[in-house]
Amino acid sequence: MIEEAAMAEPQTQTPDNDVPLRGTVFRVNSGNYYVLTGHGEFVCRLRGNLKKELVYSTSGSRPRRVQDARKRRTTDPIAVGDHVMIDTHLGMIEEILPRHSSLSRESPSARGQHTLVANLDCLYVVVAARHPWPDLSLLDKFLVIAEAAEIEAGVVVNKMDLLAGDEDETRAAMAVYERIGYKVLYLSAKHSEGVDELRAALAGKISAFAGASGVGKSSLLNALEPGLSLRTGAVSAVTFQGRHTTTSAELFPLPGAQETWLADTPGLRQVDFWEVDKDDMQFCFPEFAPHLGECKFANCRHHTELGCAVRAAVDAGTIDTRRYQSYLQTTEQE
Ligand code: GDP
Ligand code: ZN
C-alpha cells in the first residue's frame with residue numbers, strides 16, 4: 001500500500017485551476033524533487049535563478065529574508081520535509097514555505113550545512129532493552145541533537161520481550177528520562193506489542209528514528225507498515241552504489257492519519273559531524289533549566305566552579321548523576 005503510494009510513477013494530471021499547488025517534498029534525487037500534493041505526486045525542479053534568492057526563512061521583510069537565504073550555505077536548498085508551492089505546468093518549485101525546524105549537520109563531503117530533514121516534528125531515539133544493552137551516552141547525544149534543533153524528542157525502548165517480565169531495572173533507568181519530560185514508549189517490534197501506541201504518537205507528524213544499529217529500527221518500521229523496511233533497505237542499497245552523493249533522507253507516508261510521515265535518515269545512525277556549540281550545551285539538557293541563572297558566576301560552565309547551582313542539584317539528587325556526566329563528556333572534549 002505504502003509502497004505503491006511512494007513508488008508510483010509521478011502523475012502528470014493537473015488540477016483544474018492554475019493556482020500553485022502546495023505539497024511536501026518526500027524525496028530529493030539529483031536535482032529532482034518529488035512532491036506529494038492533494039492532486040498526486042509531481043517531480044519538480046528548482047528554477048536556476050530561484051536557487052540564489054530562494055526564500056524559506058521564518059519571518060521578516062522580503063529583502064531581509066532573501067539576505068538570510070543568501071547567507072545560508074547549504075549543500076542543497078531544499079530538503080525532504082519542506083513544504084513547497086509548485087507550478088504544475090512548468091514542474092517548478094516556486095516557493096518554499098517557512099520551516100518550523102531543520103535538522104542539519106556539517107556536510108562531510110562539502111563545506112557548509114546539510115539539512116537532513118526539514119519540518120521534523122519529533123525525533124524518537126531507539127534503544128534496545130537488551131542485545132545490545134542501552135547505550136545511554138549515545139541516547140543523550142541524540143537527545144542533545146534534537147534539543148539543539150528545538151525538535152521534540154522521545155525514547156523508544158524496543159525488545160522488551162527479551163526481559164521476560166523482569167522489567168524493573170530497565171524501567172528505572174528510563175524513568176530518569178520520563179521525569180525530564182521525554183515520552184518513553186516500551187515495546188516489542190518482534191511481537192508487535194506497544195506498536196499501536198507508537199502509531200498513535202506518530203499520527204499527523206513528520207518523525208524520524210535514530211539509534212545504534214541492531215536496536216531494531218528496521219523491525220520497527222516493518223511492524224508499523226509491512227514492507228517499509230524493505231523500501232528503506234532499497235534506499236540504502238542505492239546509497240551504497242554511490243548514486244546518492246550525500247547522505248540522503250526520504251520520507252515515507254504512513255497510511256492512516258493524514259500527513260503522517262516517517263523519515264528514513266541514514267545520517268541519523270551516527271552522531272559524528274554534529275556540531276552543537278559548547279556554550280549552548282547547557283540548554284540541551286532540559287533538567288538544567290530551573291537551575292541555570294542561579295550559579296554564582298554568570299558564565300558558569302557547570303564543571304568545577306564555586307557556587308554552581310547545577311552541581312548542587314546533582315549533589316541533591318535533583319539532576320541525575322549519569323546525565324550530568326553526559327553533559328561533562330559533551331563539553332569537556334576539545
Ligand atoms: P536496526 O539495525 O536498528 O535496523 O535493527 P534491526 O531491525 O535490523 O534488528 C536487529 C536485530 O534485532 C534483528 O535480528 C531483529 O530480528 C531483532 N529484533 C528487532 N526487534 C526486536 C524485538 O522487539 N525483540 C527481539 N527479541 N528482537 C528484535
Ligand atoms: Zn553552574
Side-chain angles (χ1 to χ4, degrees), residues 1-3 6 103 117 120-143 145-147 151-233 250-266 268-269 286-287 320 322-323:
M1 171 75 186
I2 192 162
E3 221 157 328
L103 194 58
V117 193
L120 194 66
D121 293 300
C122 195
L123 181 70
Y124 285 97
V125 189
V126 185
V127 297
R130 291 280 182 283
H131 306 299
W133 288 88
D135 182 342
L136 299 180
S137 162
L138 184 68
L139 168 59
D140 290 340
K141 281 182 189 157
F142 278 122
L143 292 176
I145 288 168
E147 294 291 340
I151 293 165
E152 187 190 329
V155 184
V156 171
V157 187
N158 187 31
K159 308 199 190 184
M160 287 299 282
D161 58 289
L162 294 179
L163 298 180
D166 190 7
E167 302 181 356
D168 291 357
E169 202 186 324
T170 302
R171 288 199 182 250
M174 292 303 149
V176 169
Y177 294 91
E178 292 179 75
R179 277 197 295 275
I180 294 168
Y182 292 115
K183 184 195 254 309
V184 181
L185 295 168
Y186 302 88
L187 48 81
S188 165
K190 189 173 179 179
H191 297 278
S192 280
E193 279 165 17
V195 174
D196 285 343
E197 203 187 333
L198 174 62
R199 197 192 311 277
L202 298 172
K205 296 179 181 173
I206 301 179
S207 309
F209 295 129
S213 76
V215 296
K217 295 181 298 299
S218 319
S219 308
L220 213 50
L221 294 176
N222 217 32
L224 285 163
E225 177 65 15
L228 195 55
S229 66
L230 295 178
R231 288 237 39 222
T232 62
E250 183 158 5
L251 296 187
F252 298 97
L254 266 196
Q258 247 200 328
E259 291 283 323
T260 301
W261 297 92
L262 272 184
D264 179 48
T265 48
L268 275 178
R269 299 200 184 122
E287 69 270 44
D320 178 66
R322 209 202 42 76
R323 284 274 296 170

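Owing to the predicted nature of the structure, the values given are computational and were not obtained by experimental measurement.
Qualifying side chain to side chain donor-acceptor pair (under 3.5 Å) partners for Glu178, counting only residues two or more places apart in sequence or in other chains: Tyr186.
Between Tyr182 and Ala153, the closest heavy-atom pair is CD2-O, 3.4 Å. Counting all heavy atoms, side chain and backbone alike, Gly214 lies closest to Lys159 at O-NZ, 2.7 Å. In plain terms, the two heavy atoms of Ala223 and Ala189 that are nearest each other are CB-O, 3.8 Å. Residues Lys205 and Asp121 come closest through the heavy atom pair CA-OD2, 3.4 Å. A pairwise comparison of heavy atoms in Lys183 and Ala201 identifies CE-CB, 4.2 Å as the closest pair. The two residues Val195 and Ser188 have their closest heavy-atom pair at CG2-O, 4.2 Å.
Contact annotation: the side chain of Glu287 never approaches that of Asp320 to less than 4.5 Å [non-hydrogen atoms, C-beta and beyond]. A heavy-atom distance below 4.5 Å is found between the side chains of Val127 and Met174. Counting only heavy atoms from C-beta outward, the side chains of Arg323 and Ile180 approach each other to under 4.5 Å. The closest side-chain heavy-atom distance from Arg130 to Leu163 is below 4.5 Å. By the 4.5 Å heavy-atom criterion applied to side chains, Asn158 and Phe209 are not counted as neighbours. Within the 4.5 Å cutoff, the side chain of Tyr124 has no heavy atoms near those of the Leu220 side chain.
No option in Asp196, Val157, Val156 other than Val156 meets the side-chain contact (heavy atoms from CB on, under 4.5 Å) test with Leu187.
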side-chain contact (heavy atoms from CB on, under 4.5 Å) evaluation trace for Ile145 with Leu103: CA-CA 8 Å; Ile145 288 168; Leu103 194 58; 3.8 Å; yes

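Note that CG of Leu120 is 10.0 Å distant from CD of Glu152, once rounded to the nearest 0.5 Å. The CG atom of Leu123 sits 7.0 Å away from the CD1 atom of Ile151 when rounded to the nearest 0.5 Å. Summarising the geometry, atom CG belonging to Asp161 is positioned 7.0 Å from atom CD belonging to Glu193; distances are rounded to the nearest 0.5 Å. Atoms CG and OG1, from Leu202 and Thr260 in turn, are 7.5 Å apart once rounded to the nearest 0.5 Å. Atom NZ of residue Lys217 and atom CG of residue Asp264 lie 9.5 Å apart, to the nearest 0.5 angstrom. The CE atom of Met160 lies 4.5 Å from the CZ atom of Arg171; values are rounded to the nearest 0.5 Å.
Judged by distance alone, the side chains of Asp140 and Tyr177 do bring a donor and an acceptor atom under 3.5 Å apart.
Counting non-hydrogen atoms of other residues, nucleotides and ligands closer than 6.0 Å to CD of Glu167 gives a total above 12.
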